Amino acid sequence: MSEDEDNMEDYPTEIHDYLTAFEKSLGSVDEMLKTMMSVSRSELLQKLDPLEQAKLDLVSVYALNSMFWVYLATQGINPKEHPVKQELERIRTYMNKVKEVTDKKKASKLNKGAASRFVKNALWKPKAENERTSKTPAKGKKQQ
């Protein structure tokens, strides 16, 4: 009997596809962590602006807490009743705050001078009395 066949007997065949996908996901996480850990944190932070540093920190702590969530689930502990749930919610709150700051930076800025000129030129201005060129006399004046 081969090792794969031996492992197949340890769990129901219905979940084989789920376990295979989970194993691939773990491999992706492992590769990402190896890449992230290959550069020292101080080197990485020096290359980033403060907003990018905050994003990196939030993603790191969120990933760590998510992995702990999965660990608790594999140990038969309900993570929804564990303090890790509140921690993940707290991190999501900060992620939303960083997203708001990022969105504000991307939002277009109003050029007040240009807007003022645009409105000024778009509005109709009556001509002065001496600039009238129409052949009809102005109200209240007699034509000579």
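Nothing here was measured: the structure is a model prediction, and the numbers come from that model.
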Leu19: side-chain contact (heavy atoms from CB on, under 4.5 Å) partners, not counting sequence neighbours: Tyr11, Ile15
Pairing residues for Tyr62 by the side-chain hydrogen bond (donor to acceptor under 3.5 Å, both in side chains) criterion, not counting sequence neighbours: Arg92
Contacts of Asp49 that satisfy salt bridge (charged side-chain N to carboxylate O under 4.0 Å, His left out) - sequence neighbours left out: none
salt_bridge(Glu87, Arg90) N-O dist < 4.0 Å: yes
Summary of salt bridge (Lys or Arg N to Asp or Glu O under 4.0 Å) pairs that have at least one residue in residues 68-85, sequence neighbours excluded: Lys85-Glu89
Summary of ring pair (Phe, Tyr, Trp, His ring centres under 6.0 Å) pairs that have at least one residue in residues 88-114, sequence neighbours excluded: none
Partners meeting side-chain hydrogen bond (donor to acceptor under 3.5 Å, both in side chains) with Glu52 (sequence neighbours left out): none
Co-membership, hydrophobic cluster, residues Leu64 and Leu58, 4.5 Å side-chain: no
Distance in Å, Met95 CE paired with Leu88 CG, rounded so as to fall on 0.5 Å steps: 9.5 Å
Residue pairs involving residues 37-47 (criterion salt bridge (Lys or Arg N to Asp or Glu O under 4.0 Å); sequence neighbours excluded): Arg41-Asp57
Hydrophobic cluster partners of Met67 (side-chain heavy atoms under 4.5 Å): Val29, Leu33
Listed partners of Lys99 passing side-chain hydrogen bond (donor to acceptor under 3.5 Å, both in side chains), at least two apart: Asp103
Nearest heavy atoms of Ala54 and Val98, plus distance in Å: CB-CG2, 4.3 Å
Heavy-atom check, side chain of His82 versus side chain of Phe68, under 4.5 Å: yes
Sequence neighbours excluded - side-chain hydrogen bond (donor to acceptor under 3.5 Å, both in side chains) pairs with any residue from residues 21-36: Asp30-Lys34
Shared-cluster residues of Phe22, by chain and number - hydrophobic side chains joined below 4.5 Å: Leu26, Val70
Spatial distance of atom CH2 (Trp69) from atom CG (Asn78) [nearest 0.5 Å]: 7.0 Å
Apart from Val39 itself, residues in the same hydrophobic cluster as defined by side-chain heavy atoms under 4.5 Å: Met36, Leu44, Leu45, Leu48, Leu56
Under 3.5 Å donor-acceptor, Thr20 side chain and His16 backbone: yes
